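Predicted model only: the values in this text are computed from it and were never measured.
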Protein chains: 2
Amino acid sequence: MSDDPETAHPQPSPFITRAWVHLMRAQQRVLGAIEQDLKTADLPPLGWYDVLLELSRATDGRLRPYEIEERTLLAQHNLSRLLDRMDKAGLVQREVYAEDGRGRWVIITEAGRSMQARMWRVYAGALQRHLGDKLNDAQADQLAELLTALSRSA
Amino acid sequence: MSDDPETAHPQPSPFITRAWVHLMRAQQRVLGAIEQDLKTADLPPLGWYDVLLELSRATDGRLRPYEIEERTLLAQHNLSRLLDRMDKAGLVQREVYAEDGRGRWVIITEAGRSMQARMWRVYAGALQRHLGDKLNDAQADQLAELLTALSRSA
DNA sequence: TTGATATAGATGCAATTGCATATATATGCG
DNA sequence: CGCATATATATGCAATTGCATCTATATCAA
């Protein structure tokens, strides 16, 4: 009541606030739709795809857990348990990493590669439907540029 | 191997794919940073703020649960339990809704209003830091416009 | 009136996440 | 070497989420 919070703390402009609200809504809406499409096709969630994709691109189909972590949006402890599930499902294997006794290799299996391919078919269709049909390439490019600014030097 | 998946399933263009990756990354990064700022200030997570804001704007500070659901990104069963927690924390109360025996009122308390205000101070600062410092108003406006297209007619 | 169907909200249970910490190994420094 | 600190990964436990279903009430049509 007595001091002035408006000057004490910088207020985001209405444009910023609006962008934020739409960022949350759009992300949740599109992500939800894509996850739903995967589930309908009896496929695992997107996190699994991210891991499989990184592994399938890596030399010898193998990466260290921390490398997967860097390339994806997964927290260390979540990744550790996701790998447990994927291992149990036969999509990856873990091996000791000889150069460093603390390390592990995570290796994609043939089943993992084929799962990645099956998921991509559904994922690609969902992306097209939920994003591609709503933005042209110029708009998508512009969107990506603007979003890139947000991720920098967080 | 034998048929042609490229023609059978529409592939999203690289622009679309890139926009999607950046959408996920930016949202997670900014959301994570904001949540972190709230936690550091010993405040509850953003979902609580969304509910408190809607209630504080509503006539008599009260809404039906399904109205909160429509205005926020919360699923019915999650909202129900969030309201349990907020009730226990003294920020809202529930009352029977006389016109319809199935319904409830959710009413913001004074403690709820002051929590909303306290959270906004931190939230506003975080938005400014994590978004406002990275986009000017014209860019934010453009971003909001592009994202709006994504939420339409999902 | 009665039964069929719809709607509002709550809840049991399993799966996932977050948080802190554990374990094992490595590295650097006196 | 021997200790302090850092790194890679795993794990126990509590909180949150998702899913299905439940309860209660409302609506509608025969």
**Request:** Calculate the interatomic distance between B:Y66 atom OH and C:dT7 atom P; express it in whole Å.
**Result:** 12 Å

**Presence of salt bridge, B:D137 and A:R18, under 4.0 angstrom** = no

**Fill in**
In short, A:D37 meets A:A126 closest at the heavy-atom pair OD2-CB, 3.3 Å

**Request:** Report yes if at least one side-chain N or O of A:R64 is closer than 4.0 Å to OP1 or OP2 of D:dT9; otherwise report no.
**Result:** yes

**Item:** Shortest non-hydrogen contact between B:F15 and A:A140, atoms and distance
**Value:** O-CB, 3.6 Å

**Fill in**
Between CD of B:E67 and P of C:dT7 the distance, given in whole Å, is 16 Å

**Prompt:** Between atom CG in B:L74 and atom P in C:dG9, what is the gap in whole Å?
**Reply:** 14 Å

**Asked** Going by an N to O cut-off under 4.0 Å, is there a salt bridge joining B:E70 and B:R64?
**Response** no

**Message:** For B:T59, give me all partners under side-chain hydrogen bond (donor to acceptor under 3.5 Å, both in side chains), at least two apart in sequence or on another chain.
**Reply:** none

**Asked** Can you give one letter per nucleotide of nucleotides 16-24 of chain C, 5' to 3': B if a protein heavy atom sits under 4.0 Å from the base, S if only from the sugar-phosphate, - if neither?
**Response** SSBB----B

**Message:** Taking any heavy-atom pair under 4.0 Å as a contact, classify A:D84: base, sugar-phosphate, or nothing.
**Reply:** nothing

**Atom-to-atom span, CD1 of B:I68 to P of C:dA8 - whole angstrom** = 14 Å

**Request:** Assess whether side chain to side chain donor-acceptor pair (under 3.5 Å) is satisfied between A:S114 and A:E110, documenting all intermediate values.
**Result:** CA-CA 6 Å; A:S114 95; A:E110 269 316 305; over 6 Å; no

**Asked** Taking only N and O in the side chain of B:R94, is any of them less than 4.0 Å away from OP1 or OP2 of C:dG9?
**Response** no

**Request:** Please report, rounded to the nearest Å, how far the C1' atom of D:dT11 is from the CZ atom of A:R104.
**Result:** 13 Å

**Whole angstrom value for the distance that separates P of C:dT27 from CG of A:D100** = 7 Å

**Request:** Could you state the atom-to-atom distance from CG of A:L82 to P of D:dT9 in whole Å?
**Result:** 14 Å

**Prompt:** Can you tell me how far P of C:dA8 sits from CD of B:E69, to the nearest Å?
**Reply:** 9 Å

**Request:** Mind telling me whether A:Y49 and A:W120 have parallel, tilted or perpendicular rings, with 30° and 60° as the class edges?
**Result:** parallel

